[in-house]
Amino acid sequence: MALMATRTKLFRLLTTLTTKAPILGSGSCSNGVKGPVRVDRGGGLGLTAYSTSAVAQQEPGVVGSRHMGLEILGVKDYEDYRRSLYGEITHKALLVDAVGTLVVPSQPMAQIYRKIGEKYGVEYSEAEILNRYRRAYEQPWGRSRLRYVNDGRPFWQYIVSSSTGCSDSQYFEELYNYYTTNKAWHLCDPDAEKVFQALRKAGVKVAVVSNFDTRLRPLLQALNCEHWFDAVAVSAEVEAEKPNPTIFLKACELLGVKPEDAVHVGDDRRNDIWGARDAGCDAWLWGSDVHSFKEFNTLPHLVARHEFDWSLVQAGPYEFHPYR
C-alpha cells in the first residue's frame, strides 16, 4: 500500500509538471475559441469535458510536446521511475480510450438535441440546451455511485429532460438510439485499422477502455471496428469509472497481461493519464504525446516496433481535430 501511495503521488506530481490545463469541466463542441477547448465526449448523449488534447494544440510549448525538451518537465524522471520499478520498459498491450481518442461525435450535442427535439415540441435554442445540459451534468447523480449503470437510461433520461424541458419517452428513445449509430460518431484517425491490425499481427494485444454505458459494443459494431480489439472494458460493465484504476486492471486481466506491460492512450489527463498510471500502466496523452495511431512506429517502448514493417502503414499528413 505504501508503494502504491508513493507511486500515485509521484505520477501525479510528474503529470502536473507538464500542464497548465484545467483537469475537468463541462462544456460543448467548439471551434475557433481561445482558452481551454471543450469537446463532446462520453456515453453517447452529449457528455462533455475539457479536451486536454485540444489544449495541447493551443499550447504546444506547455503541454506534453516531446519536441520541447520534456526532460526538464519530468518525463525523463517518470521513465526512470518506471524502470526502477519494472526494469526496461516494454509494452505488450495497448489500451485505447474511446470517445475523444478512437471516436468523436459527428455533430455538436446541442444541435442534435434541438434537431430531433423539434418534432416533440422542444423550443429551446442550442445555446440554451447547452447551458441547461451543463448545469444538469454538474449536479451530483444521487441514484448511483456511477453515472453509467447498464444501459445508462435513468441517467440520460434525467440529462435529456433537464436539457430540453421535454420528457417525452419517444423523444428520449429516438435520441438515445441515435447515439448508437454511425451517423452520430466517426473514427478520429483514418490510419487506425491498419495500425491495429499490424499491432495484433505482431503480438501486441489491444483493448478499448471507456467510461460508457452498454451501447459501446453495438457502437463499435456500427463503426465496423469491434474486430480490431481483443477486449473491451466498459465502465458500466466493470462497475468502475476512470480514473478509478479498477477499470484499467480489468482490461489487463482480460488481455492476460500485467499492468506494467500495458500502455494506455487517451485524451483526458485526469481520467486517462492519472487513472492508468495509478493502475501501474504507462500512459500517453492523445493530442500531445500522440496525434495519430501511425505515430506508434516512432515511440520507443512498443514491443511490436521491431516486429513488423511499419511502412505497410502508409505515411501521409494527418492532423487530429478533436472537436470536428
Side-chain angles (χ1 to χ4, degrees), residues 1-19 21 23-24 41-43 47 49-50 52-53 64 74-75 77-87 89-102 141 144-149 204-214 216 229-286 288-290 301-302:
M1 292 298 292
L3 176 60
M4 177 63 77
T6 301
R7 176 194 296 164
T8 299
K9 290 178 181 177
L10 182 55
F11 283 169
R12 291 187 175 179
L13 173 61
L14 294 175
T15 304
T16 302
L17 288 173
T18 65
T19 180
I23 296 173
L24 278 178
R41 55 179 293 110
L47 167 61
Y50 281 108
T52 51
S53 56
V75 168
D77 293 334
Y78 164 64
E79 292 192 351
D80 287 346
Y81 180 65
R82 283 190 63 83
R83 286 191 179 93
S84 73
L85 289 175
Y86 311 120
I89 302 173
T90 303
H91 300 129
K92 300 177 182 178
L94 174 67
L95 314 180
V96 182
D97 171 46
V99 178
T101 306
L102 180 66
W141 177 238
S144 169
R145 62 185 176 86
L146 302 174
R147 296 177 189 270
Y148 312 126
V149 177
V204 174
K205 296 182 178 180
V206 185
V208 175
V209 181
S210 178
N211 287 353
F212 216 112
D213 54 56
T214 51
L216 180 59
F229 306 101
D230 299 292
V232 177
V234 189
S235 63
E237 298 173 356
V238 176
E239 298 184 352
E241 294 179 0
K242 296 183 291 185
N244 187 330
T246 299
I247 190 171
F248 298 98
L249 296 173
K250 182 61 176 180
C252 292
E253 177 187 333
L254 292 171
L255 295 178
V257 300
K258 297 177 181 178
E260 58 265 30
D261 291 330
V263 58
H264 176 70
V265 178
D267 70 319
D268 188 287
R269 191 172 296 276
R270 178 175 182 268
N271 284 347
D272 294 304
I273 305 305
W274 288 9
R277 291 179 179 177
D278 282 353
C281 303
D282 202 353
W284 298 329
L285 186 64
W286 182 263
S288 178
D289 300 317
V290 182
H301 310 306
L302 201 60

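These numbers come from the heavy atoms of this one structure, side chains and all, not from hydrogens, waters or symmetry mates.
- Here the closest heavy-atom approach between residue Asn211 and residue Asn271 is recorded as ND2-ND2, 4.0 Å.
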*Any chance you could lay out the side-chain contact (heavy atoms from CB on, under 4.5 Å) test for Leu255 and Leu95, step after step, and finish with the verdict?*
CA-CA 10 Å; Leu255 295 178; Leu95 314 180; 3.7 Å; yes
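- Residues Ala276 and Ala283 share a closest heavy-atom pair of CB-CB, 4.0 Å.
- Side-chain contact between Asp213 and Val234 is absent, with no heavy-atom pair separated by less than 4.5 Å.
- Inter-residue side-chain proximity for Phe229 and Leu102 is flagged as met; some heavy-atom pair is nearer than 4.5 Å.
- Listed here is the closest heavy atom pair of Val99 and Phe212: CG2-CE1, 3.7 Å.
- Across every non-hydrogen atom of Ala240 and Ile247, the tightest pair is O-CD1, 3.6 Å.
- Asp97 is not listed as a side-chain neighbour of Trp286, based on a closest heavy-atom distance of 4.5 Å or more.
- Here the shortest heavy-atom pairing between Ala279 and Leu249 reads O-CD2, 3.5 Å.
- Under the side chain to side chain donor-acceptor pair (under 3.5 Å) rule, Asp282 has a single partner from His91, His264, Arg277, which is His91.
- Taking CG from Asp267 and CD1 from Ile273, the interatomic distance works out to 9.0 Å, rounded to the nearest 0.5 Å.
- Minimum interatomic distance between Val209 and Ala251 (heavy atoms only, all atoms of both residues): CG2-CB, 3.6 Å.
- Counted within 6.0 Å of CD on Glu237, heavy atoms from surrounding residues, nucleotides or ligands total more than 12; the atom is thus considered enclosed.
- Ion pairing between a basic and an acidic side chain is recognised when a charged N comes within 4.0 Å of a carboxylate O; Asp268 and Lys242 show no such pairing.
- Atom SG of Cys252 and atom NZ of Lys205 lie 11.0 Å apart (nearest 0.5 Å).
- Remark: Thr101 OG1 to Trp284 CH2 distance equals 13.5 Å, nearest 0.5 Å.
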